[in-house]
Trainee: 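Mind looking over this structure? Questions follow.
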Amino acid sequence: MHIQNAWYVAATAEEVTVKPLRRRICNQPMVLYRDSNGAVKALEDFCPHRGAPLSLGFVEGDNIVCGYHGLKIASDGRPDSMPGQNVKNFPCVKAIPSLEYGGFVWIWPGAPEQATRDALPSLPWAEGDDWAYGGGLFHIKCDYRLMIDNLMDLTHETYVHADSIGQKEIDEAPVKSRVDGDTAITERYMENVSAPPFWQMALRANDLADDVPVDRWQICRFSPPSHVLIEVGVAHAGHGGYSAPAQHKAGSVVVDFITPETDGTMWYFWGMARTFKPQDTEPTESIKQGQGKIFTEDLEMLEQQQANLEHYPGRRLLKLNIDAGGVLSRRIIDRLIKAEQNVPAV
Amino acid sequence: MHIQNAWYVAATAEEVTVKPLRRRICNQPMVLYRDSNGAVKALEDFCPHRGAPLSLGFVEGDNIVCGYHGLKIASDGRPDSMPGQNVKNFPCVKAIPSLEYGGFVWIWPGAPEQATRDALPSLPWAEGDDWAYGGGLFHIKCDYRLMIDNLMDLTHETYVHADSIGQKEIDEAPVKSRVDGDTAITERYMENVSAPPFWQMALRANDLADDVPVDRWQICRFSPPSHVLIEVGVAHAGHGGYSAPAQHKAGSVVVDFITPETDGTMWYFWGMARTFKPQDTEPTESIKQGQGKIFTEDLEMLEQQQANLEHYPGRRLLKLNIDAGGVLSRRIIDRLIKAEQNVPAV
Amino acid sequence: MHIQNAWYVAATAEEVTVKPLRRRICNQPMVLYRDSNGAVKALEDFCPHRGAPLSLGFVEGDNIVCGYHGLKIASDGRPDSMPGQNVKNFPCVKAIPSLEYGGFVWIWPGAPEQATRDALPSLPWAEGDDWAYGGGLFHIKCDYRLMIDNLMDLTHETYVHADSIGQKEIDEAPVKSRVDGDTAITERYMENVSAPPFWQMALRANDLADDVPVDRWQICRFSPPSHVLIEVGVAHAGHGGYSAPAQHKAGSVVVDFITPETDGTMWYFWGMARTFKPQDTEPTESIKQGQGKIFTEDLEMLEQQQANLEHYPGRRLLKLNIDAGGVLSRRIIDRLIKAEQNVPAV
């Protein structure tokens, strides 16, 4: 159902503290915490002594102490000590590779020896201070792939988000989808349209007129295991659209880290990265408010779609040209899962 | 578990508007709406594009537009159009025969070609203005047949509704039950008894003394798929009881449309139809209040009875003479279900 | 999963009145009530007529009347009467042996002929007025055996109850566990330690200094089916510890009656029996408050431990020396269940 050997966003950086956090990811209960140096750690949330959740314990230096009977576990999962006990032959707790990058805590559910830092996606806002990022987190009761479908076909904006980013021209503009290695890309360009309310706001934030025709673009990129980054923006019409010089446009990157919790539920880390006024916190906050409101509109649709698909498990769905982005993304997922299953288990 | 080829009450007329309504009936999720002419329509609540519920969409003329990506479905279930798509080969949505009658929206879960208007029960208050009707709707977590049992054996009034319509004489009066074609009938007549509080109220509403002995009757009629109509009333004693002239009695019809939602849950459309003061809205409201309070008393009993029967699925129950009404009704249901299953599937 | 032929605490004496109480014990739904003489009675909560719960009925003398159609059941389960019916051949309701003792209502889920009063545990506070008892009731979503494990290994006090009864020396003091017939015993003695807050409070309540070194003891006794009584206390150091004369010590018995509801849920009747100031109600109340707060700290741990064990059903847990009390208790349970299954069913 999901790729094992990949980095998933497990939490925002702020969520993980010295107070342990229980979270289930890809069906595995895990405990996330920071050691006394602030480094993030992840372990299976199961004490080998009596099965208590380590997340009800506490951090001591680099270790976590089970809150039931005091078994102390090192951050590599080895039992460190327990009052009155020789822990030498105690089983280890499964250590889950974890790291912090771009404002997120990432975990790797699969084979630890394959968990290299290079396998992380490169996030521009993590690499320089000419970017700003803001976002939030939703828990949604649906298969994570329904969210990938959602984001790789933005025609839904016309219907679900009619009051903010939707506009009739999205439906009418043809979409082009393709695969480039393990990335699926779906692009749509609209010329000489009026800017919908969200983009009027962004134009004003960029000190640009909001009542003139614009060229608009949406370039969605899926990459494994389940990330979707979308370049979106508008330029005053006639200046080159996506390629227009900076002073004529307002653009940003919609960031979607989609993390399966169980087969039918997911964590949705959504946000927006932008290059305009990156030092200014006011737009960060107002964009986050607007985006949070927009993404809330998807929740009921996704959860009822999930309920419908569970009610009719055998039904075949349509795969239209607009669905190609999702279809290509799912094919990449399926291919990588299959490849993982063919290699010897680790 | 339930008859397919029959009209079920799906909603009250007021519940169905141009804003689509999702309701599950006989295990099928469906969307109910009115087109721009006010005609009621019902479709399976599943968009063939991606499985989204059509009930989150909107009505446009005679059509419903999926709120996810804009597939427009005609009220006969045929795909009408979709921006940028040729829908000619899209699969149809299952159209569910529906109509409006007697203040209710009715649907037919089975073979559409058998769904004729004649198969509707005849409701007197729908046919002339010498009747008034008022009622309400409950959602109950029990098999719909437990409600049929409940209504076809009114001895429970003595216990469940002791303060309103119950009285000792119900228990003591013999009951006669019989089958007439596809109808099960159970009758009870009590002579020279005192009127319980609900009937004292009804006598006063008819400008009759409420403190004199009365003859009381209860004639319960089950008809498929799961309707129970009960003639109830009291007459001042010695005037002929059920057959007494109108000026000596207060009578009405308890109306029970019982609609399976799932195997263990149901919709209960309850109400009362009366001939006295039919133009007067005050009694309609006070009867509805009283009846709603009475039927609320059944809810906990039915839901805990359901829980008990699920806990002991193999247990055999008693079938006493007082249970004959329910037993005969269930036999009619079973016979009709069996007959449906013997005909080729449609 | 649990012993059948044994007395379980079903309710506190105050919970059972003439208003019937529904409770599920060892997976069986039962109704508990008092007859008009105040004697406690227990029946399966299932009316043989239509499966309604008898607990929605009412008590009439020694009998319970079903609240649906009036079948009256004697307290031995025999149908007594029903309006208009001859009940001679009606099936009986299963009568469940029950009695009142020590402030509790006890029931016997197994063979009624084996349910003798001698099989009750002897509770000192029920036998003389030199004892006082106070306690409460929790509903917990875990296998009842996890609670037995909890109480037969008090090292968890150091972690779960660090602010009240926990102290480092518990971990460090060796524990001795043994079996004596059907009883499992685990003992721990600590010498010359400081008293933790709960015991400082108890010392003061006994008019003893709370700031001097004490000897502390914990003697846990499991007895079937699932009772744990724990002698606990402190004495001013050097006076003989557990065996010190009464004027140097404060001691009591922690009382734990653990009753399975279903396989994954339980009722926990907790309390404390004491010999100091038994006529005084103030300590009863303050101890109950303190103990209630302490036992609340276990709830989340037990419920998440249960969730973890359900998530990883195959996992083997460690059995350390500190776990011996729980391990020995479970062995007694398993042995007695096996013995019950080898005798012919009754």
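Below, chain A is the first sequence line, B the second, and so on; all start at residue 1. It should be emphasised that the depicted structure is a prediction, and the values quoted were computed from it without experimental measurement.
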Trainee: Measuring from atom CG of B:Asp35 to atom CD of B:Glu60, what distance do you get when rounded to the nearest 0.5 angstrom?
Mentor: 12.5 Å
Trainee: With only heavy atoms counted, which part of A:Gln306 is less than 4.5 Å from chain B, the side chain, the backbone, both or neither?
Mentor: neither
Trainee: Take B:Phe295 and B:Phe138, measure what ring pair (Phe, Tyr, Trp, His ring centres under 6.0 Å) needs, and give me the verdict at the end.
Mentor: CA-CA 9 Å; B:Phe295 288 171; B:Phe138 289 162; 7.4 Å; no
Trainee: Can you say whether A:Leu146 sits under 4.5 Å from chain B via the side chain, the backbone, both, or neither, judging by heavy atoms?
Mentor: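 Backbone only.
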Trainee: Honestly, is A:Arg216 close enough over A:Tyr189, meaning NZ or CZ under 6.0 Å from the six-membered ring centre and within 45° of the axis?
Mentor: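 No; the conditions do not both hold, so A:Arg216 does not lie above the ring face of A:Tyr189.
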Trainee: Which one of B:Pro53, B:Gly84, B:Cys47 has the most heavy-atom pairs closer than 4.5 Å to chain A?
Mentor: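 Between B:Pro53, B:Gly84, B:Cys47, the count favours B:Pro53.
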Trainee: As an exercise: rank A:Asn321, A:Ile322, A:Leu320, A:Thr155 by heavy-atom pairs under 4.5 Å with chain B and give me the winner.
Mentor: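 Of A:Asn321, A:Ile322, A:Leu320, A:Thr155, A:Leu320 has the most heavy-atom pairs under 4.5 Å with chain B.
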Trainee: Quick one: of A:Leu309, A:Asp298, A:Thr158, A:Asn150, who has the most non-hydrogen atom pairs under 4.5 Å with chain B?
Mentor: A:Asn150
Trainee: Checking A:Phe257 now: which residues fulfil ring-ring contact (aromatic ring centres under 6.0 Å, His included) with it, not counting sequence neighbours?
Mentor: A:Phe104, A:Trp106, A:His227
Trainee: Based on non-hydrogen pairs under 4.5 Å, which of A:Glu157, A:Met301, A:Lys168, A:Arg316 is most in contact with chain B?
Mentor: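 Of the options given, most contacts go to A:Met301.
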Trainee: Under a 4.5 Å heavy-atom cut-off, does chain B meet the side chain of A:Gln304, its backbone, both or neither?
Mentor: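 Both parts, backbone and side chain.
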Trainee: side-chain hydrogen bond (donor to acceptor under 3.5 Å, both in side chains) between B:His49 and A:Asp323: does it pass, once the steps are laid out?
Mentor: CA-CA 9 Å; B:His49 175 216; A:Asp323 302 311; 2.7 Å; yes
Trainee: Tell me, out of A:Asn308, A:Asp171, A:Asp149, A:Val175, who's got the most heavy-atom pairs with chain B below 4.5 Å.
Mentor: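 Most heavy-atom pairs within the cutoff with chain B belong to A:Asn308.
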Trainee: Salt bridge or not for B:Arg23 and B:Asp45, using N-O below 4.0 Å?
Mentor: no
